[in-house]
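The block underneath contains the structure these notes are about, expressed in structure tokens.
Just so it is clear, the structure is predicted and the values come from calculations on it, not from any experiment.
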Amino acid sequence: MDPFRGLGLPRIPGFGELLTLLQTQTEALAQLPRTLSDLNGTVRQLTEAVSSARDTIASAQRMAERLETLVDELEEPVRALKPGLERVGRVLDDPAVDTVPDTLRAIHDDLMPLIAGLRQAQTRVGSVTGLLRRPPRRPRDDEEDDGY
């Protein structure tokens, strides 16, 4: 027991406490090489990460420059298309455009039978005219051929 404890004087450490402090300090110093080795490895990894990030940033910068060049090349032609696209949009918004498929279907349905009938008539007329054709007359040996 410390006789000066209740008097408000600072306590003086004993020999056992001094040994405990020295042992703790010795253990901490023994761990120092391992801690420094771990720190060194972490610094190496950080250096690699920074190097990789620098390469990635350089690559991204090159890509951004290429994209900027492409945008510069395409900007004027795309802007030139704007009025035409707006006109096409107005035409496509017209309700009459919605009726185009039905109109085409009706034309197809109405015209295909007529075309089939015309083909049939053409075939029949061709066969009739084939029958009515006479073979060309051959000139006789005593007649001259005028070339007609």
Side-chain angles (χ1 to χ4, degrees), residues 1-136 138 145 147-148:
M1 178 138 194
D2 190 3
F4 300 109
R5 188 174 207 170
L7 300 176
L9 296 174
R11 184 170 171 237
I12 300 173
F15 184 69
E17 291 172 333
L18 184 62
L19 283 177
T20 304
L21 285 173
L22 285 175
Q23 184 179 3
T24 305
Q25 183 180 8
T26 304
E27 288 173 0
L29 287 174
Q31 293 293 325
L32 188 60
R34 181 173 171 235
T35 303
L36 289 175
S37 175
D38 291 346
L39 180 63
N40 193 15
T42 303
V43 168
R44 247 187 262 118
Q45 289 176 350
L46 179 62
T47 303
E48 291 172 4
V50 167
S51 176
S52 177
R54 184 178 54 240
D55 293 343
T56 302
I57 289 170
S59 176
Q61 179 65 33
R62 287 190 304 273
M63 187 179 297
E65 289 170 359
R66 288 178 62 195
L67 285 173
E68 187 175 341
T69 302
L70 285 173
V71 167
D72 289 344
E73 289 176 9
L74 293 175
E75 185 174 10
E76 185 178 331
V78 168
R79 287 186 189 274
L81 289 174
K82 183 181 177 185
L85 290 174
E86 288 173 347
R87 284 192 304 269
V88 167
R90 284 192 299 272
V91 168
L92 292 176
D93 285 341
D94 190 336
V97 172
D98 293 337
T99 65
V100 169
D102 294 332
T103 304
L104 290 175
R105 194 173 300 108
I107 290 171
H108 177 268
D109 293 345
D110 292 345
L111 288 182
M112 288 311 287
L114 292 174
I115 291 172
L118 287 174
R119 285 186 182 152
Q120 238 178 7
Q122 181 184 15
T123 305
R124 288 181 186 158
V125 168
S127 63
V128 169
T129 56
L131 291 174
L132 295 177
R133 283 190 192 165
R134 293 185 202 159
R138 286 192 237 160
D145 187 14
Y148 294 104

Subject >> Point-to-point distance, once rounded to the nearest 0.5 Å, from CZ of Arg66 to OG1 of Thr69 >> reply: 9.0 Å
**OP:** Compare every heavy atom of Val91 with every heavy atom of Val97, then report the nearest pair and how far apart it is.
**Re:** CG2-O, 3.1 Å
Original post:
What distance do Thr99 atom OG1 and Leu104 atom CG have between them, rounded to the nearest 0.5 Å?
Top reply: 9.0 Å
Subject >> Under 3.5 Å donor-acceptor, Thr24 side chain and Thr20 backbone >> reply: yes
Subject >> Thr26 side-chain N/O to Leu22 backbone N/O, donor-acceptor pair under 3.5 Å >> reply: yes
**OP:** Assess whether atom CD of Glu76 is packed by more than 12 heavy atoms of other residues, nucleotides or ligands within 6.0 Å.
**Re:** no
Subject >> Residues Arg90 and Asp93 bridged, charged N to O under 4.0 Å >> reply: no
Subject >> Donor-acceptor under 3.5 Å (Ser52 side chain, Glu48 main chain) >> reply: no
Original post:
Can you tell me if CD on Gln122 sees more than 12 non-hydrogen neighbours from other groups inside 6.0 Å?
Top reply: no
Subject >> Under 3.5 Å: donor-acceptor pair, side chain of Ser37, backbone of Pro33 >> reply: no
Subject >> Chi angles and distances behind the side-chain contact (heavy atoms from CB on, under 4.5 Å) call for Leu36, Asn40 >> reply: CA-CA 6 Å; Leu36 289 175; Asn40 193 15; over 6 Å; no
Original post:
Do Lys82 and Arg79 have side chains that get closer than 4.5 Å, going by heavy atoms?
Top reply: no
Original post:
Crowded around Glu86 CD? As in, over 12 foreign heavy atoms under 6.0 Å?
Top reply: yes
Subject >> Identified side-chain contact (heavy atoms from CB on, under 4.5 Å) partner of Ile107 from the options Asp109, Thr103, Asp110 >> reply: Thr103
